[in-house]
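To start, the structure itself, in structure tokens.
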Amino acid sequence: MRMDSRKILAVIMMASFLTPFSGSALILSLPAIGQEYQVGADTLSWVIESYLITSFLFLLPMGRAADRWGKVRVFEMGNLLFMLFSLLPAVFDSFALLLSARALQGIGSSMIFATSTSILADAYPGKNRGKAMGWMVSVVYAGLSFGPVIGGFMNDGLGWRSLFWFMALYAGLVLVVALKVLKHMAGAAAPAREMPKLSVSLFTENREFTLSCLTAMLNYSATFAISFLLSLYLQSILSISAKTTGFILLAQPVLMMVLSPLAGSLSDRKPAAVLCSLGMSIITVGLIALAAITKMQLLWPVIPSILIIGIGFAFFAAPNNNAIMSSLPRKYYNMASSLLSTMRLGGQVLSMALVTLLLAISWPPLSPVASLSRNISLAFLFFSVLCFLGVIPSLLRQKNKS
């Protein structure tokens, strides 16, 4: 069973790399896409937003579908759909079709998101679950880390459509491996009386689960926009090139990728509430530092600050995932996996909405550059408060268990 578990972990890690890679790699291709189709930045944003919205909307229905048809079947179908819809913009020449394909990719991603954590929890029912979650989170950060670098080279050398060819081929590879490795898990779906329903009692009676979900929402709301804000700060205020900016921002996810397996392993032995609260406290310190740095328009402290945030996030993500999955009986794994992804994507959407509002603040006496710098600093300060507030429900989990 140990070797089977490792093979299952390898499949989930492969799938977990794809979606963050595709999103982060595609961001660098947006100018080329806009130039080819003659569309502005506001329209181009829908290349990213259409994917996020459909992923968010379909997460819970796909968790229910996993209960009805089987989590492995839904996982494999998600990879199949992601592969097929990646071929559309690679083959056909239409911006409308590109947006449609991205929205449909989001549906495939929701099927993968809704089942990955549940499959992994089944494969690691014992003390090594946190470590396995850590490796899965590590690969997510690897996708975020290498997406801009690899995507930039592919976009410049082969054109932006090469990214969609890569997505299709990679999703196809994951599907082939999943069909071979997960076939022993693809059993019959549960009868409809046995399928758990999403009940209010799940939140009211299980405080650890509820507080862990709330903590996840607050954390992702406070942290998702960091790269966006720093990209604006470094390029628009400090006049640093996009290539150099990409390498600067690479420091945070690389450190998160390295430390996440360690943090996940620690969550098998230490209370998740302690690790997550420590992680969010560290992130708060990093956000406060960025608020001061961006207000003073400094460069050299940026990397140390995002490294601090990387350390904090590594100690938050895998332990919190482990806490959510460990707080429920096995029959709720599919629903918990969907809810976890819903909290993450919901936090990301909220984070960008808050940034949009904060960046719109006008400071009449200031120049445009100084006004942007003030707004970015204000955003980081606001997010530091939001992140610190997230420590409260995180700590209450431990109080509830003691």
Using only heavy-atom distances, determine whether the side chains of Ser351 and Tyr220 contain a donor-acceptor pair under 3.5 Å.
->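 Result is no, nothing qualifies.
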
Spacing of [atom1] belonging to [X] relative to [atom2] belonging to [Y], to within rounding of 0.5 Å:
X	Y	atom1	atom2	answer
Cys276	Asn320	SG	CG	4.0 Å
Phe95	Trp46	CZ	CH2	11.0 Å
Leu230	Ile226	CG	CD1	7.0 Å
Met111	Met77	CE	CE	6.0 Å
Ile283	Ile311	CD1	CD1	11.0 Å
Ile12	Met14	CD1	CE	10.5 Å

Nearest heavy atoms of [X] and [Y], plus distance in Å:
X	Y	answer
Gly279	Phe315	CA-CB, 4.1 Å
Ala178	Val11	CB-CG1, 3.9 Å
Thr294	Leu290	OG1-O, 2.7 Å
Phe164	Leu98	CZ-CD1, 3.5 Å
Met136	Ser16	CG-OG, 3.3 Å
Leu18	Ala171	CD2-CB, 3.8 Å

For Leu175 and Phe82, what are the C-alpha separation, side-chain angles and deciding distance, and is it a side-chain contact (heavy atoms from CB on, under 4.5 Å)?
-> CA-CA 10 Å; Leu175 177 61; Phe82 197 97; over 6 Å; no

Check: [X] side chain, [Y] main-chain N or O, donor-acceptor pair, under 3.5 Å:
X	Y	value
Ser377	Ser373	no
Ser5	Ala123	yes
Thr54	Ser50	yes
Asp268	Lys131	yes
Asn79	Gly172	no
Ser110	Ser55	no
Ser267	Pro319	no
Ser384	Leu381	yes
Thr210	Arg207	no
Ser162	Gly159	yes

Counting C-beta onward and ignoring hydrogens, is there a side-chain heavy-atom pair between [X] and [Y] closer than 4.5 Å?
X	Y	answer
Leu287	Cys387	yes
Leu87	Trp165	yes
Gln105	Met167	yes
Leu88	Ser100	no
Trp363	Asn375	yes
Tyr37	Asp93	yes
Val355	Phe383	yes
Gln297	Tyr233	yes

Applying side-chain contact (heavy atoms from CB on, under 4.5 Å), run through Ile309 and Met256 and close with a yes or a no.
-> CA-CA 9 Å; Ile309 293 174; Met256 291 153 62; 5.9 Å; no

List the steps, then state whether side-chain contact (heavy atoms from CB on, under 4.5 Å) holds for Val176 with Lys180.
-> CA-CA 7 Å; Val176 170; Lys180 181 178 180 180; over 6 Å; no

Axial cation check for Tyr124 ring with Arg6, 6.0 Å and 45° limits = no

Hey, what's the ring geometry for Phe17 with Phe21, parallel, tilted or perpendicular (30° and 60° as the breaks)?
-> parallel

Kindly determine whether Ser109 and Tyr51 satisfy side-chain hydrogen bond (donor to acceptor under 3.5 Å, both in side chains), including the steps that lead there.
-> CA-CA 9 Å; Ser109 293; Tyr51 170 84; 2.8 Å; yes

So with a 6.0 Å cut-off around CZ of Phe388, is the heavy-atom count from everything else above 12?
-> no

Hey, mind stepping through Leu179 and Glu76 against side-chain contact (heavy atoms from CB on, under 4.5 Å) and telling me if it holds?
-> CA-CA 7 Å; Leu179 287 170; Glu76 292 169 348; 3.5 Å; yes

Charged N-O contact under 4.0 Å between Arg161 and Glu36 | yes

